[in-house]
**Student:** 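First, the structure itself, so that you have it in front of you.
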Number of protein chains: 2
Amino acid sequence: MNTDSNLLTQISAALPTLNKSETKVADAILRNPEAATRSSIAVLATDAGVSEPSVNRFCKRFGANGFPDFKLRLARSLVAGVKYMSRAVELDDGVDVYPKKLFDNTIAALLLAKEHLPTAALDRAVDYLAQARRIYFFGLGTSAAVAADAEHKFFRFNVPAMAYTDPLMQRMLAAGAGVGDVFCFISHTGRTRPIVEVAELAKQSEAAVMAITAPNSPLAAVSHCVIETRVSEDTDAYLPMTSRIVQLVLLDVLATGVALRRGERLLPHLARIKDSLKATRTDEASN
Amino acid sequence: MNTDSNLLTQISAALPTLNKSETKVADAILRNPEAATRSSIAVLATDAGVSEPSVNRFCKRFGANGFPDFKLRLARSLVAGVKYMSRAVELDDGVDVYPKKLFDNTIAALLLAKEHLPTAALDRAVDYLAQARRIYFFGLGTSAAVAADAEHKFFRFNVPAMAYTDPLMQRMLAAGAGVGDVFCFISHTGRTRPIVEVAELAKQSEAAVMAITAPNSPLAAVSHCVIETRVSEDTDAYLPMTSRIVQLVLLDVLATGVALRRGERLLPHLARIKDSLKATRTDEASN
DNA sequence: ACCGAAATGTAGTTTTATTACCTAATTAAG
DNA sequence: CTTAATTAGGTAATAAAACTACATTTCGGT
């Protein structure tokens, strides 16, 4: 049930199932996880008010080989910065707290996504995109910005890409699609009706339909190629903050994949574009 | 000179300055950093073909208190996944390699940004934004997509925000600006001339000018409030991949900051917007 | 209240890391 | 070219940390 890779969350999730001394150890660790990674088993035992073997047992209970191994895992978990038990921003968070939380959440989302990379789907998607005569990126709301970004990036790679955020335009383009067109739909939930309808339209043509969206969604169902993104309900409660970042990086991956497929010839092209931008600069710099 | 917080990069950077046995240790670690975090000092010493104290000395040379502390630091560095010495994508990278690299780069950029959060500037920026009568987000190129995203996010928070990506529109709006207007410029380099010009125009009005951009840039110079973002030259060589992600998260921070400043009243508003979106869904779900 | 099972602690053993010291290598001066 | 000085590196002893086996306690059930 709990596939969470973060030790801290695992521990706090398991809290109710722990017995007395284990709870003490868990408390001591959660009280100051950073310190726990630095202390020896003796210090932590004193800190928790239990004996050393209890700490050791605790470690093994959470899948570690022993205390040192446990510390290592803990250190890893901490990097993602998820040291705030409730990772959601609280109303009374100060300016020195909530920015870090937001960064931590984003980093955690990326780490998670990195662990569940749909490699096969990405490869197939690159196949589609690399051969495309023309690529359309469609998204609404937050995903519109993602689509715009994708257009820009693919364009730089000399791929004929266009982003449309107007449902009517999307409809028209999907209806008139033909062989060689690739439609890439971006939707966090895959349940935004206008987007799904356009995808269905596109599917009826000769065009290829791909989607960056949630698994088992209506949008996923109508797509030839789906790049699944997991939805983390809790952090994206009111605003899709982390999900769109993952989408963006996945589009980076696709663009890079297409570029790699084309091989070396691309680099001079990028250099040329970069040069053309220099004219708009007051000084030397990359974009 | 080297403020790099990543142990691995630190080690490989220091390679030329190391003596014989230190080099052996460094090689052994770089050969398989993951394994190094798991092995004991004895194993690593054998692996490197040196004695245990040599390994210990090596650890201290890199600022650790001893071998266990060193392992901990190493483990931390590895999480960012920067285990690829050359983090740049190579032409012969397979589909199981380059996506991870891209994610790693992005995560590394966020970790770096998190460590150098311009807290004071963020707080001031929230002051400006929270009091704004109207907010304009201006960006060009890749930053245009960021601006569009910002517009969307602030709008959801019931803040009158608009994004413009057309330089002419930007000019007109800047020229006609007045008290209560806040202009937020987004530019990776801060040297894109059209943007700087518009910022100068806006500065001449009664409006507040803020920027998410590089320090010591022309754009930073004309802004009342600058949120500095560091530019990592190597990974963003040809395309600004990681920098725009950092910008996006910084805008998340600003939007959240404004929301927090307003306090609880906001939550029902968000819930209402969420409900209004449900109508466009084929099923229940968050955006 | 007593028995048994689970939980926790104690003490001893083993492993791991550190320190102090010694030897070999290297370099610069005579 | 030798030799003294200095540094690098290794050996072995010491100290620290972690683990194991076993003893004791605690708790739930009868």
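Chain naming here is simple, since letters A, B, ... match the order of the sequence lines and numbering starts at 1 in each.
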**Student:** For residues 7-33 of chain B, pull every pair meeting salt bridge (Lys or Arg N to Asp or Glu O under 4.0 Å), keeping only residues two or more places apart or in separate chains.
**Tutor:** Glu22(B)-Arg61(B)

**Student:** Side-chain atoms of residues 41-56 of chain B: list all donor-acceptor pairs with protein atoms under 3.5 Å, sequence neighbours left out, distances to 0.1 Å.
**Tutor:**
{"unit_1": "Thr46(B)", "atom_1": "OG1", "unit_2": "Ala42(B)", "atom_2": "O", "d": "2.9"}
{"unit_1": "Ser51(B)", "atom_1": "OG", "unit_2": "Ser54(B)", "atom_2": "OG", "d": "3.3"}

**Student:** Answer yes or no: is there an ion pair linking Asp149(A) with Arg244(A), defined by an N-O contact shorter than 4.0 Å?
**Tutor:** no

**Student:** Looking only at non-hydrogen atoms, find the nearest pair between Leu18(A) and Ala26(A) and report the distance.
**Tutor:** CD1-CB, 3.8 Å

**Student:** Between side-chain atoms of residues 64-72 of chain A and protein atoms elsewhere (two or more places apart, or another chain), which donor-acceptor pairs fall under 3.5 Å?
**Tutor:**
{"unit_1": "Asp69(A)", "atom_1": "OD2", "unit_2": "Asn65(A)", "atom_2": "N", "d": "2.9"}
{"unit_1": "Asp69(A)", "atom_1": "OD2", "unit_2": "Arg73(A)", "atom_2": "NE", "d": "3.1"}
{"unit_1": "Asp69(A)", "atom_1": "OD2", "unit_2": "Arg73(A)", "atom_2": "NH2", "d": "3.3"}
{"unit_1": "Lys71(A)", "atom_1": "NZ", "unit_2": "Ser39(A)", "atom_2": "O", "d": "3.1"}

**Student:** Thinking salt bridges, do Asp123(B) and Arg261(B) make one under a 4.0 Å N-O criterion?
**Tutor:** yes

**Student:** For chain A and DNA chain C, what are the first and last nucleotides along the strand, 5' to 3', with at least one atom under 4.0 angstrom from a heavy atom of the protein chain?
**Tutor:** dA7(C) to dT10(C)

**Student:** Heavy atoms under 4.0 Å is the rule here; annotate nucleotides 10-28 of chain D 5' to 3' with B where the base is hit, S where only the sugar-phosphate is, and - elsewhere.
**Tutor:** BB------BSB------S-

**Student:** Please collect all ring pair (Phe, Tyr, Trp, His ring centres under 6.0 Å) contacts where either partner lies in residues 17-46 of chain A, sequence neighbours excluded, each pair once.
**Tutor:** none

